[in-house]
Chemist: 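Pasting in a structure now, in structure tokens, and then I'll have a few things to ask.
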Amino acid sequence: SLTLLFGETAAVLGFNRVSRALRHVCIHFFGLILMSYVDDFPQCEVSCLWQSAIDTLKEVFRILGWTLSTAPAKDLPFSPVFGMLGAVVDLRLTPECRMVVANRLSRTIAVVTTIKRAQKANRFCPPEAASLAGRMQHLQAQHMGACAGVALHAIRGRAQEAGLVSTVTVEIADALD
């Protein structure tokens with residue numbers, strides 16, 4: 001079979017080992033700057049070397065028998081502003097020793113819309129809470145850090161409540177603020 005059966009025991013761990021091994025080969029044998037997250041390999045390079053870096057990465061994967069996506073949405077040229085793992089990274093301010101990491105606009109709009117809708121209606125049901133908790137967990141992992149923990153705890157608590165409990169309590173109102 002040419003597919004990974006994610007239901008099998010340790011399949012994900014095994015795939016992540018392969019992913020880390022590919023990253024290791026690229027970094028240690030070819031001097032590439034990249035990360036790996038499951039089957040994504042975000043790559044970084046100084047502007048004068050970007051073409052050489054991407055050509056090297058593609059050739060390493062080709063030699064090892066891996067097929068990389070050539071879809072225009074996936075096979076993008078290097079850019080100082082780019083999307084990576086659900087976030088947008090802006091390197092244009094690096095001469096000032098600054099880098100901006102932000103959420104994709106669509107994710108930000110979805111979170112804000114859900115919160116405003118719940119606040120306006122004074123209703124927040126468990127399925128909405130579960131959806132918002134997932135989005136907020138991503139935000140927390142990307143750049144909010146522990147500051148989202150208290151709000152996320154309250155929202156997860158609502159997501160786990162049985163039935164159609166939907167009235168916004170003081171705890172939920174505080175979490176949504």
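Every value quoted in this text rests on a predicted model; they were computed, and no experiment measured them.
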Chemist: Check whether more than 12 heavy atoms from other residues, nucleotides or ligands sit under 6.0 Å from atom CZ of R117, and answer yes or no.
Modeler: yes
Chemist: Taking atom types as modelled, is there a side-chain donor on S131 or R135 under 3.5 Å from an acceptor on the other?
Modeler: yes
Chemist: Output yes when a side-chain donor or acceptor of S52 lies under 3.5 Å from a complementary backbone atom of L49, and no otherwise.
Modeler: no
Chemist: Heavy atoms, side chains only, cut-off 4.5 Å: are L132 and F124 in contact?
Modeler: yes
Chemist: For the residue pair F61 and W66, categorise the inter-ring angle as parallel (less than 30°), tilted (30 to 60°) or perpendicular (more than 60°).
Modeler: perpendicular
Chemist: If we ignore hydrogens and angles and just use 3.5 Å, is the side chain of E128 paired with the main-chain N or O of C125 as donor and acceptor?
Modeler: yes
Chemist: So how far is it from D90 CG to R98 CZ, rounded to the nearest 0.5 Å?
Modeler: 9.5 Å
Chemist: According to a 4.5 Å side-chain heavy-atom criterion applied to Ile, Leu, Val, Met, Phe, Trp and Tyr, with indirect links allowed, do F29 and L57 form part of one hydrophobic cluster?
Modeler: yes
Chemist: Quick one: CG on N16 to CG on D39, what's the gap to the nearest 0.5 Å?
Modeler: 9.5 Å
Chemist: Please check: side-chain N/O of S79 versus main-chain N/O of F82, any donor-acceptor pairing under 3.5 Å?
Modeler: no
Chemist: For the hydrophobic clusters of this structure (ILVMFWY residues joined by side-chain heavy atoms under 4.5 Å, transitively), does one cluster hold both I27 and F30?
Modeler: yes
Chemist: Within this structure, what is the CD1-CD distance for the pair I155 and E171, rounded to the nearest 0.5 Å?
Modeler: 10.0 Å
Chemist: Between A118 and L176, which heavy-atom pair has the shortest distance, and what is it?
Modeler: CB-CD1, 3.8 Å
Chemist: Can you name the closest pair of heavy atoms from A87 and V101 and give their distance?
Modeler: CB-CG1, 4.2 Å
Chemist: With the side chain counted from C-beta on, respond yes when R156 and Q137 share a heavy-atom pair under 4.5 Å apart, and no when they do not.
Modeler: yes
Chemist: Looking at every non-hydrogen atom in both residues, tell me the closest pair between R123 and V168 and how far apart they are.
Modeler: N-CG2, 3.5 Å
Chemist: Looking at side-chain heavy atoms only, is the closest gap between D177 and Q119 below 4.5 Å?
Modeler: yes
Chemist: Distance-only, no hydrogens or angles: does the S19 side chain make a donor-acceptor pair with backbone N or O of F15 under 3.5 Å?
Modeler: no
Chemist: Going through the checks in order, is the side-chain contact (heavy atoms from CB on, under 4.5 Å) test met by T113 and K116?
Modeler: CA-CA 5 Å; T113 300; K116 288 189 179 294; over 6 Å; no
Chemist: Test question: given the 4.5 Å side-chain rule for I, L, V, M, F, W and Y, name all other residues clustered with V88, or answer none.
Modeler: V81
Chemist: Picking from V89, L34, I33, what satisfies side chain to side chain contact (heavy atoms under 4.5 Å, CB included) with C44?
Modeler: I33
Chemist: Crowded around R17 CZ? As in, over 12 foreign heavy atoms under 6.0 Å?
Modeler: no
Chemist: Hey, could you give me the CD/CH2 distance between Q43 and W50, rounded to the nearest 0.5 Å?
Modeler: 10.5 Å
Chemist: Could you give the distance from CG (L64) to CD (E59), rounded to the nearest 0.5 Å?
Modeler: 10.0 Å
Chemist: Spell out, yes or no, whether L68 and M35 are grouped together once hydrophobic residues are joined by side-chain heavy atoms under 4.5 Å, including indirect joins.
Modeler: yes
Chemist: Would you give the length of the straight line joining atom CD of E45 to atom OG1 of T56, rounded to the nearest 0.5 angstrom?
Modeler: 9.0 Å
